[in-house]
Amino acid sequence: MRRFGIALLTALIMVCLTATLVFANSVHVKSGPTFTDNGLTLTASGALAGLGNTNLQVDLSATGNPTATCSNKGTNQSPGQNPASVTLTGSQAIPASKIKNGNVSFSVTTNPPVSPIPGAPGCPNSNWTETITDVAFTSAVITVEQPVTIPPTIVLTVSCTFSPATSNGTVPSSSVTCT
């Protein structure tokens with residue numbers, strides 16, 4: 001009975017030690033986030049602190065208003081009806097080996113929108129091709145998760161708005177509000 005108790009206590013201590021090493025204690029943004037409007041994509045960069053020693057995934061979801069152009073088979077172009085807002089996403093996997101003393105930098109970029117737009121809804125008819133030429137981003141959400149559990153544990157969510165909407169290039173920090 002005594003041997004069983006010692007084994008159980010040892011196992012419990014190992015679980016507690018592992019849990020404190022693996023899971024984040026107080027994840028927070030150390031610097032940033034900063035944003036760059038790449039025309040059709042958005043990049044968010046920054047640094048995180050308070051991390052545990054486990055793999056991370058940084059997800060970016062950005063909403064914006066696209067600008068489109070319509071072209072017919074003769075390659076004549078006309079401005080398209082601007083399509084409804086789009087939400088674009090991207091992810092960056094960060095291995096535990098990149099985390100140093102609970103700190104890590106990130107830089108994640110969304111995927112571009114589907115273009116040409118199927119059916120060309122903003123053009124004179126479906127014989128035209130509607131191509132998104134730019135996206136002016138209005139908001140972004142950065143989510144940091146530790147995928148070691150099922151489902152993954154979200155350890156930080158940062159929601160940002162851009163006022164005015166972004167234009168190509170570095171987004172001025174004065175136009176970014178994050179919570």
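Throughout, residue positions are numbered sequentially from 1 according to the sequence presented. Computed over heavy atoms, backbone and side chain alike; hydrogens, waters and symmetry mates excluded.
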With side-chain hydrogen bond (donor to acceptor under 3.5 Å, both in side chains) as the test, would you mind laying out the steps for T43 and N38 before giving the verdict?
-> CA-CA 7 Å; T43 299; N38 306 305; 2.8 Å; yes
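Counting heavy atoms from C-beta on, the side chains of I142 and V58 come closer than 4.5 Å. Side-chain contact between P116 and E130 is absent, with no heavy-atom pair separated by less than 4.5 Å. Counting heavy atoms from C-beta on, the side chains of N103 and L48 never come closer than 4.5 Å. Side-chain contact between T157 and T143: present, with at least one pair of heavy atoms (C-beta onward) separated by less than 4.5 Å. Side-chain contact between L88 and T41 is absent, with no heavy-atom pair separated by less than 4.5 Å. Taking 4.5 Å as the limit, every side-chain heavy atom of V144 sits out of range of all side-chain heavy atoms of F106. For the pair T34 and T170, the minimum side-chain heavy-atom distance is 4.5 Å or more. Residues L51 and V104 have side chains in contact (heavy-atom distance under 4.5 Å, counting atoms from C-beta outward).
For CG of N101, the number of neighbouring non-hydrogen atoms (other residues, nucleotides, ligands) closer than 6.0 Å is 12 at most.
Evaluation of the ring-ring contact (aromatic ring centres under 6.0 Å, His included) test over residues 142-179, restricted to residues two or more places apart or in two chains, returns F35-F162. Pairs engaging residues 149-179 under the disulfide (SG to SG under 2.5 Å) rule: C160-C178 [sequence neighbours left out].
No path of Ile, Leu, Val, Met, Phe, Trp and Tyr side chains, each step under 4.5 Å between heavy atoms, connects V141 with V158, placing them in separate hydrophobic clusters.
With hydrogens and angles left out, the side-chain atoms of Q57 and D59 include a donor and acceptor closer than 3.5 Å. Side-chain contact of T87 with T63: a donor-acceptor pair under 3.5 Å is present, judged by distance alone.
For T177, the side-chain contact (heavy atoms from CB on, under 4.5 Å) test picks out T161, with sequence neighbours left out.
From S91, atom OG reaches atom CG of L60 across 8.5 Å, with rounding to the nearest 0.5 Å.
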